[in-house]
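Notes to accompany the following structure.
This chain uses plain numbering: 1 for the first residue, then up along the sequence.
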Amino acid sequence: MARQRTAPRPDRHGRRLDRVDRELVGALALLAEEEDYHGMTRYGAPRFHDHTQYLDSVDTVLRSRRTGGRRTRVGLLDPEEYAAYCAGSGLDPGVPESRQRFTEHLVETGATLPYEGRPLADLLPDLAHLALRRATFAYAGELLDAAGRCEECGEILARAAFDRASELLTAACHALGAGRHHLVCSTSTQAGPLLAEFDIDTVPGTWPHPEESAALDLTTVLAAALAAGLPCGLVARTSGPDTSDAVRGWRLREHTLRPLTAAEVFDAYCTDTETGEPIPPEPGVDYRAAPVLTPPRTPSHDHGRDGEDAQE
């Protein structure tokens with residue numbers, strides 16, 4: 001008896017869904033922006049009517065996989081990063097296997113998040129934040145690598161800067177006192193601003209020790225500014241029960257963090273960084289002078305020169 005041939009799926013929305021699912025390797029590299037979607041179609045990525053339909057289709061595939069008990073991680077697919085990866089790995093960017101390899105690369109480098117059933121509209125901001133963190137960490141690492149060694153003593157400047165940054169962050173967390181603190185460190189580079197955030201809860205009467213994994217991004221940005229002599233600032237917003245939020249800040253000078261006055265903190269928070277125009281102060285927020293760090297010392301062997309201005 002002749003074997004009955006299964007009719008092919010129509011070359012419409014359903015078939016494109018099948019192509020997306022078949023290219024998954026337990027993870028999905030997502031084209032979050034419309035320009036990224038159009039950029040990848042020249043490499044043979046599945047075509048849809050438009051980017052909106054593409055996102056709807058991906059959402060359908062992810063939900064279907066979750067319903068079927070299959071776990072999926074999601075990352076962002078940047079066409080330029082993909083092309084560079086293929087060129088460096090000797091891969092043809094126009095074949096599905098190369099996209100699969102790149103997706104596996106994203107997973108290996110920690111550039112994906114688990115899909116847990118949330119709508120893509122909720123997941124995309126988290127993916128964008130993860131991508132920004134990776135880019136910030138990578139560029140700050142390049143600045144540290146470029147610092148080299150001290151010509152006088154031969155010390156590795158990146159290591160010295162990182163140790164000093166860790167010391168300064170711990171001192172800042174201690175000086176802030178009890179409460180929940182959200183710290184933001186920013187510096188200005190030739191490639192643009194670098195920014196990292198960190199949250200910590202401190203308890204009265206204890207010396208805080210920021211967890212290395214949680215504080216790594218902020219410490220790295222601060223260390224990069226120290227090693228490269230870049231302008232840098234650290235701002236902290238403290239929250240507590242039944243109290244107004246307090247905002248305080250420091251400016252990097254002579255390898256230490258010098259406290260900003262209340263007026264300087266107010267100016268930083270109430271000025272548009274792009275236009276320079278004043279912004280109304282946020283209700284329920286106190287702009288205060290920062291405490292002096294303990295110990296507010298400068299390292300005995302001063303490697304390099306700090307920038308003059310803080311980045312608010």
With a 4.0 Å cut-off, would you call E197 and R237 a salt bridge?
no
Are any of the side-chain nitrogens in R63 or D59 under 4.0 Å away from the carboxylate oxygens of its partner?
yes
Full working for side-chain hydrogen bond (donor to acceptor under 3.5 Å, both in side chains) between S239 and R180
CA-CA 5 Å; S239 303; R180 181 166 182 79; over 6 Å; no
Would you say the side chain of [Y] lies within less than 4.5 Å of the side chain of [X], judging by non-hydrogen atoms?
X: R164; Y: L168; value: yes
X: Y287; Y: C270; value: yes
X: T220; Y: T136; value: no
X: R288; Y: V265; value: no
X: Y43; Y: S98; value: no
X: R159; Y: D163; value: yes
X: D245; Y: D286; value: no
X: L113; Y: V74; value: no

At what distance, to the nearest 0.5 angstrom, does [atom1] of [X] lie from [atom2] of [Y]?
X: D56; Y: H49; atom1: CG; atom2: NE2; result: 11.5 Å
X: L194; Y: S186; atom1: CG; atom2: OG; result: 9.5 Å
X: R99; Y: Y85; atom1: CZ; atom2: OH; result: 13.5 Å
X: E33; Y: D78; atom1: CD; atom2: CG; result: 10.0 Å
X: F137; Y: T219; atom1: CZ; atom2: OG1; result: 10.0 Å

Could you walk me through whether L183 and I200 pass the side-chain contact (heavy atoms from CB on, under 4.5 Å) check?
CA-CA 8 Å; L183 294 94; I200 188 171; 4.0 Å; yes
Return yes if some donor-acceptor pair links the side-chain N/O of [X] with the main-chain N/O of [Y] below 3.5 Å, else return no.
X: W250; Y: V292; result: no
X: T271; Y: P278; result: no
X: E264; Y: L260; result: no
X: H51; Y: L31; result: yes
X: T41; Y: H38; result: yes
X: S64; Y: T60; result: no
X: Y37; Y: F48; result: yes
X: R42; Y: G39; result: yes

In one Ile/Leu/Val/Met/Phe/Trp/Tyr side-chain cluster, 4.5 Å: [X], [Y]:
X: L144; Y: L230; value: no
X: L91; Y: V107; value: no
X: L77; Y: L127; value: yes
X: L176; Y: V184; value: no
X: L195; Y: V247; value: no

Using the test side chain to side chain donor-acceptor pair (under 3.5 Å), find all partners of R71 that sit at least two apart in sequence or belong to another chain.
none
Taking it one step at a time, do T72 and R66 satisfy side-chain contact (heavy atoms from CB on, under 4.5 Å)?
CA-CA 8 Å; T72 311; R66 180 173 172 81; over 6 Å; no
Please report the shortest heavy-atom distance between [X] and [Y], naming the atom on each side.
X: A225; Y: T187; answer: CB-OG1, 3.7 Å
X: P259; Y: P291; answer: CB-O, 3.9 Å
X: Y54; Y: A29; answer: OH-O, 4.1 Å
X: L28; Y: T103; answer: N-CG2, 3.9 Å
X: L106; Y: L76; answer: CD1-O, 3.5 Å
X: V221; Y: C185; answer: CG1-SG, 4.0 Å

I would like to know whether R248 and T238 meet side-chain hydrogen bond (donor to acceptor under 3.5 Å, both in side chains); could you show each step before the answer?
CA-CA 8 Å; R248 292 164 284 183; T238 301; 2.9 Å; yes
Listed once per pair and sorted, the side chain to side chain donor-acceptor pair (under 3.5 Å) pairs that draw on residues 110-132, sequence neighbours left out:
R73-T112, R118-D126
For F198 and H181, run side-chain contact (heavy atoms from CB on, under 4.5 Å): C-alpha distance rounded to whole Å, both residues' side-chain angles, the deciding distance at 0.1 Å, then the answer.
CA-CA 8 Å; F198 168 64; H181 312 292; over 6 Å; no
For a side-chain hydrogen bond (donor to acceptor under 3.5 Å, both in side chains) check, start with the C-alpha distance between T294 and H174, then their side-chain angles and the critical distance, and finish with the verdict.
CA-CA 8 Å; T294 304; H174 175 71; 5.9 Å; no
Using the side-chain contact (heavy atoms from CB on, under 4.5 Å) rule, take L222 and C232 through it: C-alpha gap first, then chi angles, then the decisive distance, then the call.
CA-CA 7 Å; L222 181 55; C232 183; 3.9 Å; yes
